[in-house]
Amino acid sequence: MGLNDDSMGAGNPIIGLLGGGQLGRMLCEAANPLGIDIAILDEKNSPAKQAHNTNRHVAGSFKDPAKIRELAARSDYLSVEIEHVDTEVLEDIEKNGVEIELADGSLGTHKPPIHPSWKTIRLIQDKYLQKEHFATSEKEIPIAEQIAIESGESTLASLKDAADKFGFPFMLKARKGSYDGRGNFKVDSEDDFEPAIEALGKLPLYAEKWAPFVKELAIMVIRTEDDEGNLKRCVPYPAVETVHEDSVCTKVFMPPRNVLEDVCEKARELACSVVSTLWGRGVFAVELFVLGDGSLIVNEVAPRPHNSGHYTIEAVPYMSQYKAQLSAVLDLPLPEKLTPRVSSSIMLNILGGATSKSHHKLTRLARTTFGDDMDAYLHLYGKDSKPGRKIGHITLTGTSTIEDLEGRAQPFIELVDGIRQ
Ligand code: ATP
Ligand code: MG
Ligand code: MG
């Protein structure tokens with residue numbers, strides 16, 4: 001029985017969501033027609049709050065323990081749209097619950113299930129520990145070799161150790177809090193040691209061997225488990241190719257261009273192995289590198305809907321990554337296979353340009369494109385445009401090959417690339 005039962009009589013479940021950005025917004029867009037209520041903890045008028053009207057939202061930071069407790073008290077389940085949240089309080093809520101006032105006025109303890117588990121979120125927050133976990137799990141997941149970098153005065157010596165071990169270039173990375181490559185520094189030679197320390201030296205760091213990849217793939221996986229924490233199933237979406245420019249994902253191709261079907265299938269199996277080592281229900285993104293010989297290594301995992309899965313809204317419409325997240329959290333039945341309803345799809349991120357109007361030609365084209373061979377779907381996130389900020393995306397779907405769709409998509413691709421000039 002949900003907290004909502006008395007007030008609405010419909011027994012609609014309430015999912016409390018930490019974070020109200022575009023992922024939360026698209027989660028709300030999937031939840032609205034299903035009658036699922038989403039209570040969002042984030043700033044007033046955040047993108048997700050704009051898309052879902054309820055009196056249950058909480059205004060504040062998803063890093064604030066008191067606000068997280070307030071959200072928990074009014075939710076049947078808790079979930080996240082961002083992994084950079086306070087996991088201590090989530091652990092405490094799982095173990096001890098939060099106090100709520102019952103219908104008769106007395107006080108009771110309320111323990112909303114948390115999916116994915118705080119254990120998964122805490123592990124994933126530290127990219128170094130996350131990958132140690134994968135590599136040392138019984139699944140022996142392949143990762144780029146890595147070593148922890150000492151902080152303070154030992155950093156320089158530690159960087160030299162990394163260079164001795166990996167050679168140049170290698171990647172220096174912040175262990176926590178990074179996104180869109182903002183915590184990464186490519187170290188090409190000893191001359192880069194000082195600028196690297198200047199840029200990242202105050203943060204806990206680790207170094208990774210350079211991965212000479214020929215492609216980047218991402219796989220969304222739905223993970224379900226019972227209320228006792230026993231894994232039920234991992235169901236993968238198709239493999240997609242992600243293209244990063246200046247470390248930011250700009251384009252996603254489904255299916256990947258020039259990648260053998262066999263490699264895509266191995267990537268899906270590997271992604272399921274990775275996700276099976278984690279805890280809780282929900283969708284997970286597994287980012288992978290494909291090396292020249294077709295072998296795969298895992299780059300990182302996101303424990304939530306992901307930019308690389310936006311295409312599922314139109315390409316797998318009966319079970320988009322957002323509907324899957326809702327279904328998994330609520331433990332509703334899920335399909336055994338996720339087969340796209342289109343033969344090809346391209347997702348283009350709209351990043352803010354030099355002026356607030358830089359993307360207008362592109363959005364106009366997206367609003368006016370439709371046809372037998374290519375459809376265009378525009379998603380704007382209700383965010384102010386700032387240079388480099390993700391303010392929306394366009395999904396193109398096609399009825400033929402990915403190469404054919406890429407050809408038809410050229411006017412879009414040129415406008416997208418033009419915004420970044
Ligand atoms: P996200 O927004 O995906 O969370 P992030 O800040 O966590 O990004 P990473 O995924 O670690 O950053 O790296 C961003 C990009 O940098 C990767 O997609 C890849 O293009 C490149 N990269 C990362 N690690 C390596 C590596 N070891 N070798 C070569 N390139 C790498
Ligand atoms: Mg990351
Ligand atoms: Mg990444």
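Bear in mind the structure is a predicted one, so any value in this text is a computation, not a measurement.
- A salt bridge is defined here as a Lys NZ or Arg NE, NH1 or NH2 lying under 4.0 Å from an Asp or Glu carboxylate O, and K386 with D384 fails to meet this definition.
- Looking only at side-chain heavy atoms (C-beta outward), F289 and V298 stay at 4.5 Å or farther from each other.
- A donor-acceptor pair under 3.5 Å is formed between the side chain of T224 and the backbone N or O of R233.
- At a threshold of 4.5 Å between non-hydrogen side-chain atoms, the residues F185 and P195 count as touching.
- The residues E245 and K251 are annotated as salt-bridged, a charged nitrogen and a carboxylate oxygen being separated by less than 4.0 angstrom.
- Note that the CG atom of L17 and the SG atom of C28 stand 7.0 Å from one another [nearest 0.5 Å].
- Across all their heavy atoms, A267 and L288 have their closest contact at CB-CD1, 3.6 Å.
- Expressed to the nearest 0.5 Å, how far NZ of K127 lies from CD of Q130 amounts to 8.0 Å.
- Within the 3.5 Å criterion, the main-chain N or O of T355 finds a donor-acceptor partner in the side chain of S358.
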query = side chain to side chain donor-acceptor pair (under 3.5 Å) between E101 and H110: does it pass, once the steps are laid out?
reply = CA-CA 9 Å; E101 196 179 311; H110 176 59; over 6 Å; no

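- In this structure, K131 does not pair ionically with E300, as no charged nitrogen and carboxylate oxygen lie closer than 4.0 Å.
- Using a 4.5 Å cut-off on side-chain heavy atoms (C-beta onward), L129 and L123 make contact.
- Distance alone, capped at 3.5 Å, is enough to place a donor-acceptor pair between the S344 side chain and the S400 backbone.
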key: side chain to side chain contact (heavy atoms under 4.5 Å, CB included) assessment of V85 paired with V80   = CA-CA 8 Å; V85 300; V80 297; 4.2 Å; yes

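- Taking the charged nitrogens against the carboxylate oxygens, D192 and K186 have no contact shorter than 4.0 Å, which rules out a salt bridge.
- Annotation: D372, atom CG; neighbour count of heavy atoms from other residues, nucleotides and ligands within 6.0 Å does not exceed 12.
- Looking at T120 and S117, their side chains never bring a donor and an acceptor atom within 3.5 Å of each other.
- In this pair, Y381 and H310 present their aromatic rings perpendicular. The plane angle is above 60°, beyond the 30 to 60° band.
- Residues E287 and H244 have side chains that never bring a donor and an acceptor to within less than 3.5 angstrom of each other.
- Under 4.0 Å is where a charged nitrogen must lie from a carboxylate oxygen, and between R268 and E265 at least one such pair does.
- Q22 and E81 share no side-chain donor-acceptor pair at under 3.5 Å.
- Side chains of R25 and Q50: a donor-acceptor N/O pair is present below 3.5 angstrom, by distance only.
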request  = Report the C-alpha separation of H306 and Q321 in whole Å, then their side-chain angles, then the decisive distance to 0.1 Å, and conclude whether the side chain to side chain donor-acceptor pair (under 3.5 Å) test is met.
outcome  = CA-CA 8 Å; H306 191 252; Q321 64 165 346; over 6 Å; no

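- A salt bridge links R122 with E91: at least one charged nitrogen is closer than 4.0 Å to a carboxylate oxygen.
- Remark: K215 engages E241 in a salt bridge, criterion side-chain N to carboxylate O under 4.0 Å.
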task = Please assess E88 against D92 for the test side chain to side chain contact (heavy atoms under 4.5 Å, CB included), listing each intermediate value before the final yes or no.
result = CA-CA 6 Å; E88 304 293 325; D92 186 57; over 6 Å; no

query = Hey, mind stepping through L326 and Y77 against side chain to side chain contact (heavy atoms under 4.5 Å, CB included) and telling me if it holds?
reply = CA-CA 10 Å; L326 300 166; Y77 298 82; over 6 Å; no

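- A distance-only check finds a donor-acceptor pair linking the side chain of D42 to the backbone of G20 [under 3.5 Å].
- A salt bridge links R408 to D373: one of the charged nitrogens lies within less than 4.0 Å of a carboxylate oxygen.
- A search for side-chain hydrogen bond (donor to acceptor under 3.5 Å, both in side chains) contacts involving E94 returns W118, not counting sequence neighbours.
- The pair R281-D227 meets the salt-bridge criterion, since a charged nitrogen lies less than 4.0 angstrom from a carboxylate oxygen.
- Side-chain contact between L71 and L18: present, with at least one pair of heavy atoms (C-beta onward) separated by less than 4.5 Å.
- Between R257 and E403, none of the side-chain N atoms (NZ, or NE/NH1/NH2) sits under 4.0 Å from a carboxylate O, so this pair counts as no salt bridge.
- Of the possible polar contacts, one joining the S327 side chain to the K323 backbone as a donor-acceptor pair under 3.5 Å is found.
- Atom OG1 in T250 sits 8.0 Å away from atom CG in L348 (nearest 0.5 Å).
- Checking side-chain atoms of H52 against main-chain N and O of I38 turns up a donor-acceptor pair under 3.5 Å.
- Nearest heavy-atom pair across A162 and I149 is CB-CD1, 4.2 Å.
- Ionic pairing of D126 and R175 is present here: one or more N-O contacts between side-chain nitrogen and carboxylate oxygen are shorter than 4.0 angstrom.
- Within the 3.5 Å criterion, the main-chain N or O of L172 finds no donor-acceptor partner in the side chain of E208.
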query = Under the side chain to side chain contact (heavy atoms under 4.5 Å, CB included) criterion, do L278 and F134 qualify, and how do the steps go?
reply = CA-CA 9 Å; L278 299 171; F134 295 144; 4.0 Å; yes

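- Around CZ of F168, the count of heavy atoms belonging to other residues, nucleotides or ligands within 6.0 Å exceeds 12.
- The main-chain N or O of W279 is never found under 3.5 Å from a side-chain atom of E225 such that the two would form a donor-acceptor pair.
- In this structure, the separation between CZ on F62 and CD on E83 is 10.0 Å, given to the nearest 0.5 Å.
- Atom CD1 of I114 is separated from atom NZ of K119 by 12.5 Å, given to the nearest 0.5 angstrom.
- Checked by atom type, the side-chain pair K111/N96 shows no donor-acceptor distance below 3.5 Å.
- Under the 4.5 Å side-chain criterion, counting only non-hydrogen atoms from C-beta, T395 is in contact with S345.
- Listed here is the closest heavy atom pair of K232 and D226: CG-N, 3.9 Å.
- A pairwise comparison of heavy atoms in L200 and N184 identifies CD1-C, 4.2 Å as the closest pair.
- Considering every non-hydrogen atom in both A72 and I93, the closest pair reads CB-CD1, 3.8 Å.
- By the 4.5 Å heavy-atom criterion applied to side chains, S75 and I15 are not counted as neighbours.
- In this structure, D37 pairs ionically with R56, as a charged nitrogen and a carboxylate oxygen lie closer than 4.0 Å.
- The backbone N or O of H57 sits less than 3.5 Å from a side-chain atom of R74, completing a donor-acceptor pair.
- A heavy-atom distance below 4.5 Å is not found between the side chains of H359 and R364.
- When all heavy atoms are compared, the tightest approach of S137 to I141 is OG-CG1, 4.1 Å.
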inquiry  = Go through it in stages, so that I can follow the logic: the residues are Q325 and H115, the test is side chain to side chain donor-acceptor pair (under 3.5 Å), and I'd like the CA-CA distance, side-chain angles, deciding distance and then a yes or no.
reply    = CA-CA 9 Å; Q325 177 72 351; H115 291 289; over 6 Å; no

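- In this structure the side chain of T363 reaches within 4.5 angstrom of the side chain of L378, judged on heavy atoms.
- Separation of atoms CG (L270) and CD1 (I297) is listed at 10.5 Å; rounding is to 0.5 Å.
- Side-chain atoms of N349 never come within 3.5 Å of backbone atoms of I394 as a donor-acceptor pair (strictly under, hydrogens ignored).
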